Amino acid sequence: MPTQQNNKLWRQRNNRKLIIGIFGFCLSLFGILCGMFWEDIFNWIMQKEMTLRPDSHVFENWKTPPLELKLDIYLYNWTNAEDFGNETSKPILEQLGPYRFIENPDKVNISWHPANASVTYRKRSFFYFDEAGSVGSLDDQIVTLNAVALSAAAKAKQWNSVRRGMVNVGLQLYGQEIYVIKSVDELLFTGYNDAMIDMARAMPIFGDEVQVPFDKFGWFYTRNGSADLTGVFNVYTGADEFAKLGQMHTWNYKEHTGFFDSYCGMTNGSAGEFQPQNLQVGGSVGLFTPDMCRTVPLDYVETLEIEGVQGYKYAGGPRSVDNGTEYPENLCFCGGECVPSGVMNITSCRFDSPVFMSYPHFYNADQYYLDQVEGLSPNQRDHEFYMVLEPRTGIALEVAARFQVNMLVDPIDGLSMYENIPRTFFPLIWFEQKVRITPELADQLKLLPMMLLAGQIFAGFCFAIGLILMCWTPVQQLWCKSRRYDLKTQRKSNGQYKSRSQFSSAEELKSKASTLVCEKSACGTPDNSPLLTGNRKAQIVPKSQTDESVATVSTAISEDMKQD
């Protein structure tokens with residue numbers, strides 16, 4: 001009966017060792033696999049959360065951005081307009097502003113297209129004048145170029161002398177001047193009436209060649225609260241391919257805008273809300289701008305930190321505003337009017353008005369443009385267009401979108417108002433929209449690398465614990481054998497076994513006893529285990545009875561020696 005009980009105990013002990021070993025192996029394997037694939041798992045989770053769909057976490061932030069958007073507008077006041085055409089003087093410009101508006105954007109008419117994993121929508125914004133954040137009021141009077149008369153003259157330049165003469169009569173009949181004096185409010189959102197616009201809309205004598213889309217003129221006229229001005233966007237949701245998240249598919253239902261030749265007219269790049277993920281140093285990103293009917297490339301500049309989050313800065317350099325002069329691949333952006341590098345010809349996009357976009361104060365432009373006017377002083381801090389993106393997610397940490405509107409004033413034969421004037425790229429207005437991530441959102445982004453590191457640490461911890469569990473039994477056996485060998489060498493002194501009196505202390509006896517326990521438990525077998533011999537009964541000795549404990553240990557050692 002005792003033998004059966006001992007065999008059962010022995011089997012239970014070995015089963016525990018086997019279970020511990022198997023558990024350690026599984027834990028080590030889990031740690032290895034977790035370490036190898038944790039980044040992929042992390043990316044999968046992130047992609048699932050960032051994919052654009054009606055029930056996703058990013059949908060509401062995409063539809064209605066949570067950040068406060070401020071639009072700062074600067075106008076150029078033309079201080080010597082009466083001297084235009086005088087070869088001894090240049091136009092002198094005085095920058096006024098900023099006139100700040102708070103923008104509340106929204107996306108409307110949203111339609112989902114699961115077939116190609118895209119979404120169609122329109123953009124609508126409401127603008128509110130921020131008097132406290134502005135320098136000046138909406139009643140400020142501005143002397144500026146007469147954009148309506150100039151647009152009519154630029155169109156007439158392409159016609160024969162008879163039709164051009166009709167335009168000349170109209171300009172004189174309605175008392176048009178080369179400049180106008182209007183309030184800031186009229187020049188921006190409210191707009192102002194013009195007799196030339198009324199005539200063109202009432203008497204379309206020039207047919208479809210003359211398109212007059214508005215009843216007033218203002219740089220942002222009809223934009224406030226309208227969802228029609230910027231067109232219809234169709235972007236990828238990232239459901240089928242996450243790398244395409246937020247990238248343009250079509251604009252106004254077309255993959256090619258038709259305003260530029262070849263690949264320059266392709267509808268590509270980001271729509272603005274999402275940028276490519278897993279960005280690399282030295283690359284570039286594209287931003288599609290509907291007001292310019294094209295994609296503007298931004299190149300990597302440097303790595304910097306915004307609110308404690310590392311980001312890559314992409315800026316609009318000379319390549320962005322070149323039209324083939326310095327970068328031959330940009331030749332298709334000329335639009336029929338190839339000029340020195342620094343301005344973008346968007347005449348075809350602006351109803352054939354001679355509009356050229358640039359960075360404020362002709363930043364990054366050829367000196368040719370700065371030499372034509374006075375009062376401009378370009379610098380990087382105030383006039384650079386850039387975006388700082390978190391490289392793993394592509395989330396914008398800081399954006400400074402800055403563009404300047406210029407119009408080309410050209411001498412035109414047959415139009416008395418424009419016959420004796422110098423060819424000038426005239427700056428009229430520039431605007432800035434600067435956004436920076438909030439500290440709260442930045443704190444959420446900081447968790448991403450910490451979660452990635454935590455996963456790697458967890459994987460390493462699992463592997464280490466599993467390895468320890470796998471090696472526990474073999475190490476224990478080796479330790480026991482080592483202790484057993486040391487005991488045998490200590491037993492013999494000059495060919496004799498040590499008696500109780502030969503042990504130097506009670507501690508040595510206790511050490512011997514622990515070795516015996518190791519031998520009888522960890523190293524024993526059912527056949528030679530001392531538990532199977534005799535009818536010994538284990539004695540539990542109180543800890544306080546030190547002398548009796550030592551005597552008991554001594555007796556056990558003596559009996560063991562006899563067995564050996």
Side-chain angles (χ1 to χ4, degrees), residues 69-84 89-103 127 129-147 150 177-192 217-221 223 291-292 315-316 321 342-344 346 354-386 399-409 422 424-435:
L69 302 181
K70 299 177 181 178
L71 177 65
D72 287 345
I73 301 175
Y74 298 83
L75 293 166
Y76 291 111
N77 185 47
W78 190 3
T79 60
N80 63 336
E82 296 84 356
D83 297 333
F84 191 62
S89 65
K90 302 177 183 178
I92 301 175
L93 305 178
E94 175 190 13
Q95 176 178 289
L96 300 181
Y99 301 95
R100 176 167 294 176
F101 292 83
I102 304 300
E103 179 182 0
F127 297 88
F129 181 63
D130 180 11
E131 186 174 1
S134 302
V135 180
S137 72
L138 296 180
D139 295 327
D140 292 345
Q141 297 295 303
I142 305 292
V143 181
T144 186
L145 195 69
N146 188 343
L150 180 58
E177 298 285 345
I178 204 165
Y179 64 91
V180 293
I181 303 175
K182 300 294 179 182
S183 68
V184 172
D185 189 36
E186 291 175 311
L187 290 172
L188 297 182
F189 289 93
T190 301
Y192 63 89
F217 175 80
W219 294 113
F220 296 92
Y221 180 60
R223 186 178 293 267
D291 292 318
M292 297 163 58
V321 287
V343 298
M344 294 174 279
I346 62 168
V355 179
F356 291 76
M357 301 295 290
S358 70
Y359 296 127
H361 289 239
F362 290 122
Y363 174 72
N364 267 335
D366 192 284
Q367 187 65 30
Y368 167 80
Y369 301 102
L370 287 172
D371 291 340
Q372 294 183 346
V373 296
E374 295 182 7
L376 305 185
S377 55
N379 65 83
Q380 180 181 11
R381 182 175 63 88
D382 298 324
H383 306 137
E384 183 183 38
F385 185 118
Y386 68 87
V399 177
R402 297 160 171 157
F403 278 117
Q404 177 174 288
V405 180
N406 315 279
M407 293 190 74
L408 174 60
V409 183
T424 307
F425 286 87
F426 207 99
L428 301 173
I429 179 177
W430 72 273
F431 52 88
E432 170 188 53
Q433 195 163 47
K434 191 171 183 179
V435 182

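In this chain, numbering begins with 1 at the start of the sequence shown. If you're wondering where the values come from, they're calculated on a predicted model, not measured in any experiment. Because only heavy atoms are used, hydrogens play no part in the values below, and waters and symmetry mates are left out as well, while side chains stay in.
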| said: Working to the nearest 0.5 angstrom, can you tell me the gap between Ile429 CD1 and Leu96 CG? | reply: 11.5 Å
| Atom pair CD1/OG1 of Ile181 and Thr144 - distance to nearest 0.5 Å | 11.0 Å
| Rounded to the nearest 0.5 Å, how far does CD1 of Ile102 lie from CG of Leu69? | 8.5 Å
| field | Donor-acceptor under 3.5 Å (Arg402 side chain, Glu384 main chain) | value | yes
| Step-by-step side-chain contact (heavy atoms from CB on, under 4.5 Å) determination, Gln367 to Phe362 | CA-CA 9 Å; Gln367 187 65 30; Phe362 290 122; over 6 Å; no
| query | Taking 4.0 angstrom as the limit, do Glu374 and Lys90 come out as a salt bridge? | reply | no
| request: Check whether any side-chain heavy atom of Tyr74 sits under 4.5 Å from a side-chain heavy atom of Glu432, and report yes or no. | output: yes
| Taking only residues two or more places apart in sequence, or in another chain, which ones meet Phe403 in a ring-ring contact (aromatic ring centres under 6.0 Å, His included)? | Tyr359, Phe385
| Which atom names give the shortest non-hydrogen contact between Tyr99 and Ser137, and what distance separates them? | CE2-O, 3.3 Å
| request: Check whether any side-chain N or O of Ser358 sits under 3.5 Å from a backbone N or O of Gly342 as a donor-acceptor pair, and report yes or no. | output: no
| Under 4.5 Å between any side-chain heavy atoms of Val343 and Met357, yes or no? | no
| Of the non-hydrogen atoms in Arg223 and Asp291, which two are nearest, and what is the gap between them? | NH2-OD1, 3.0 Å
| At their closest point, which heavy atom of Pro378 faces which heavy atom of His383, and how far apart are they? | CA-ND1, 3.4 Å
| task | Ignoring hydrogens and angles, tell me if any N or O in the side chain of Asn80 forms a donor-acceptor pair with the backbone of Asp83 under 3.5 Å. | result | no
| request: Go through the side-chain N and O atoms of Trp430 and Gln95 and say whether any donor and acceptor fall under 3.5 Å apart. | output: yes
| query | Just by distance, with hydrogens left out, do Asp185 and Thr190 show a side-chain donor and acceptor under 3.5 Å apart? | reply | yes
| query | Should we count CD of Gln141 as having more than 12 external heavy atoms under 6.0 Å? | reply | yes
| query | Is Asp72 reaching over with its side chain to a backbone N or O of Pro98, donor-acceptor style, under 3.5 angstrom? | reply | no
| task | Decide if the gap between the ring center of Phe425 and the ring center of Phe356 is smaller than 6.0 angstrom. | result | yes
| task | Would you name the heavy atoms of Trp78 and Pro91 that are closest together and state the gap between them? | result | NE1-CB, 3.6 Å
| Between CD1 of Ile178 and CG of Leu150, what distance do you get to the nearest 0.5 Å? | 8.0 Å
| note | Minimal heavy-atom distance between Leu145 and Val180, with the atoms involved, is O-CG2, 4.1 Å
| request: Return the minimal non-hydrogen interatomic distance between Leu93 and Tyr76, and the atom names on each side. | output: CB-CD2, 4.1 Å
| Pair Phe426-Val409, side-chain contact (heavy atoms from CB on, under 4.5 Å): steps then yes or no | CA-CA 7 Å; Phe426 207 99; Val409 183; 4.2 Å; yes
| said: Treating Thr424 as the side-chain partner and Pro422 as the backbone partner, does any N or O pair qualify as donor plus acceptor under 3.5 Å? | reply: yes
| request: Say whether, by atom type as modelled, one donor and one acceptor occur between the side chain of Gln404 and the main chain of His361 under 3.5 angstrom. | output: yes
| message | For the residue pair Ser183 / Asp139, report whether a side-chain donor-acceptor contact shorter than 3.5 Å exists. | response | no
| Backbone of Phe101 reached by a side-chain donor or acceptor of Asp130 within 3.5 Å | no
| Just how far is it from atom CG of Asn77 to atom CG of Asp140, taken to the nearest 0.5 Å? | 9.5 Å
| field | Side-chain donor or acceptor of Asp371 paired with backbone N/O of Tyr368 under 3.5 Å | value | no
| task | Report yes if the distance between the aromatic ring centroids of Phe431 and Trp219 is under 6.0 Å, otherwise no. | result | no
| said: Does the plane of the ring in Phe127 sit parallel, tilted or perpendicular to the ring in Phe189? Use 30° and 60° as the thresholds. | reply: tilted
| query | Given Asn406 and Val355, is the side-chain contact (heavy atoms from CB on, under 4.5 Å) satisfied, shown in steps? | reply | CA-CA 6 Å; Asn406 315 279; Val355 179; over 6 Å; no
